[in-house]
Amino acid sequence: MPEVYNWQLGRKMNYVFDEAHPQKQFVAIFNINRCIGCQTCTGACKATWTFSKGQEYMWWNNVETKPYGGYPQHWDIKILQKLDEAHQAAGQKAEWDTAQASDTAPYGVYNGMTITEASATANEQALGYIPLDTEWRAPNFYEDTSTAYKGDRLGISPEGASLPEHQTWFFYLQRICNHCTYPACAAACPRKAIYKRPEDGIVLIDQGRCRGYRKCVEQCPYKKSMYRGTTRTSEKCVACYPRVEGSDPLTEGVPMETRCMAVCPGKIRLNGLVDIAADGSWAESPQHPLYYLIKTKKVALPLYPQFGTEPNIYYIPPRWAPRAYLHQMFGPGVDEAIARYTAPSRELLAVLQLFRTTQRMIFRYEIEEGPLVLETEVNGQPWQMYNDTVIGFDAKDREAVRLTVIEPMYERPVERMNSI
Ligand code: SF4
Ligand code: SF4
Ligand code: SF4
């Protein structure tokens, strides 16, 4: 099997195809701390793409409540268990060596096996399973269900909650297809019906070639390829590719954020395209907001990087959840990401304002310095806030958005007080 370089693992790994990379990659960041679980994103995708017969149980975007929720039910627990069993059988440990962290291995080196490397049989490309029909029946199993406080008969903490870890907790996990760099779905397909577009790295299923063998459903570790009984083909998130191509007249030909990103009232999402160098690394672009947040500041992390598909949706982890749980889910960068997010630098605070503020994808930002507005302490350290202005530019380098750190306040005139 060919070897490819996975920068999220800090090492080479086995993959079915030779290393090949797109010129640009579709990337998004979801800030878990801000999600209100409103499912507007879920509804927007459903209303746009999966409203037809045979797609009733197909939720390309879903928001599940962790730790208990999942769509399909228990998808991550099941694949983690398989991976764990494979490690035990091989006498290996799925550990990270963070001492080897470097520019090309920002989280250190993963010394365990990926789902491809742990694959036990010759006729499967990666560890996987096909969920039961009952596991797909609802996208919101255990919605808003928290863990119980263990020290009390009623499951309620008498002390209440405080950071860094709440005693009872849940958080929302927003999920779409990760448009992986090394997609397990494409590796699994015996018909070679799944391909990664060279212009933007979006992963699509050719409906003409698909014969519904469901190998992609089986081997996508994130379970984001779904089978449609009425057409006997598999379908998945298409990354709203007409919007990414810039064919919508609304944005005058420049790439737009996808539907699920653009509707988010919690302003948790930032979506764009990053430049990819010939060797698969991200071309240096310090003023690109996604490059800055993922590569420079490392506040946004990949979901289950140990699976080895190099997912391209990143998450700012929730500040209040147990660290061991978050380490398993987002890898060893969690503590640094949370520390930086909790006490953001002046530049980071300004860049964080760009989330969900324009439908146009932002390719570059600039910051104009403003006055000091707050001096306080965060985590026992002095911290200052400045009312800087951040400006985002679109693909044609035109100003797309301009925001200040302090949101301006508008008072409704007295004569219009009750005029809604
Ligand atoms: S998340 Fe799954 S369906 Fe999407 S590209 Fe990765 S392996 Fe394929
Ligand atoms: S990117 Fe588009 S197709 Fe994919 S989940 Fe979001 S709305 Fe649906
Ligand atoms: S629309 Fe935004 S805030 Fe609402 S559930 Fe989706 S990601 Fe969360």
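FYI, side chains are in, hydrogens and waters are out, and symmetry mates aren't considered; it's all heavy atoms of this structure. Start at 1 and go down the list; that is how both ligands and their atoms are numbered.
Contact annotation: for I36 versus ligand 3, heavy atoms closer than 4.0 Å belong to both the backbone and the side chain. By the criterion of a heavy-atom distance under 4.0 Å, neither the backbone nor the side chain of Q219 is placed next to ligand 1.
If you number the atoms of ligand 3 from 1 as listed, the ones under 4.0 Å from a heavy atom of P265 come out as 1 (S). The contact set between ligand 3 and Q174, taken as ligand atoms under 4.0 Å from a residue heavy atom, comprises 7 (S). The ligand atoms of ligand 1 that sit less than 4.0 angstrom from a heavy atom of A184 are 7 (S). Taking every non-hydrogen atom of Y222 and a distance limit under 4.0 Å, the qualifying atoms of ligand 1 come out as 1 (S). Near T40, meaning under 4.0 Å from any of its heavy atoms, are these atoms of ligand 3: 1 (S). Near G266, with a cut-off below 4.0 Å to any heavy atom, the atoms of ligand 3 are 3 (S). Those atoms of ligand 3 that come under 4.0 Å of a heavy atom in Q39, given as number and element, are 4 (Fe), 5 (S). Of all the atoms in ligand 1, the ones that sit under 4.0 Å from a non-hydrogen atom of K236 are 3 (S), 4 (Fe). Under a 4.0 Å criterion applied to the non-hydrogen atoms of V238, ligand 2 contributes the atoms 3 (S). Interface of I268 with ligand 3, defined as ligand atoms under 4.0 Å from a residue heavy atom, comprises 7 (S).
Distances from atom 2 (Fe) of ligand 1 show that C180 has no N/O/S atom below 2.8 Å.
Aromatic ring centres of Y227 and W136 lie farther apart than the 6.0 Å criterion allows.
Among protein heavy atoms, the minimum distance from atom 8 (Fe) of ligand 3 is reached at C35 SG, 2.3 Å. Closest to atom 4 (Fe) of ligand 3 among all protein heavy atoms lies C38 SG, 2.3 Å. Of the protein's heavy atoms, N178 N, 3.3 Å lies nearest to atom 1 (S) of ligand 1. At the top of the distance list for atom 2 (Fe) of ligand 3, counting protein heavy atoms only, stands C264 SG, 2.3 Å.
A salt bridge links K24 to D275: one of the charged nitrogens lies within less than 4.0 Å of a carboxylate oxygen. For E85 and K82, the salt-bridge test fails: no basic side-chain N is under 4.0 Å from an acidic carboxylate O.
Checking T42 against N62 by side-chain atom types alone, no donor-acceptor pair falls below 3.5 Å. Counting only N and O atoms by type, the side chains of R175 and N61 include no donor and acceptor under 3.5 Å apart. No side-chain donor from either of R360 and T251 sits under 3.5 Å from a side-chain acceptor of the other.
A cation-pi contact links K46 to W59, judged by a cut-off of 6.0 Å to the six-membered ring centre and 45° from its axis.
Relative orientation of the Y142 and Y68 rings is tilted, given thresholds of 30° and 60° on the angle between their planes. Between W75 and Y304, the two ring planes are perpendicular [angle over 60°; tilted spans 30° to 60°]. The aromatic rings of Y291 and W282 lie tilted to each other, with the angle between the two planes from 30° to 60°.
Using a 4.0 angstrom heavy-atom cutoff, R34 does not count as in contact with ligand 3.
If you look at atom 6 (Fe) of ligand 2, the protein N, O or S atoms less than 2.8 Å from it are C260 SG.
Within the 3.5 Å criterion, the main-chain N or O of L348 finds no donor-acceptor partner in the side chain of R340.
Across A350 and V390, no two heavy atoms sit closer than the pair O-CG1, 3.3 Å. Across all non-hydrogen atoms, the minimal contact from T134 to F141 is O-CZ, 3.9 Å.
Tested against V401, the residues I362, I391, D394 include a single side-chain contact (heavy atoms from CB on, under 4.5 Å) partner, I362.
Heavy atoms from other residues, nucleotides or ligands lying under 6.0 Å from CD of E284 number 12 at most.
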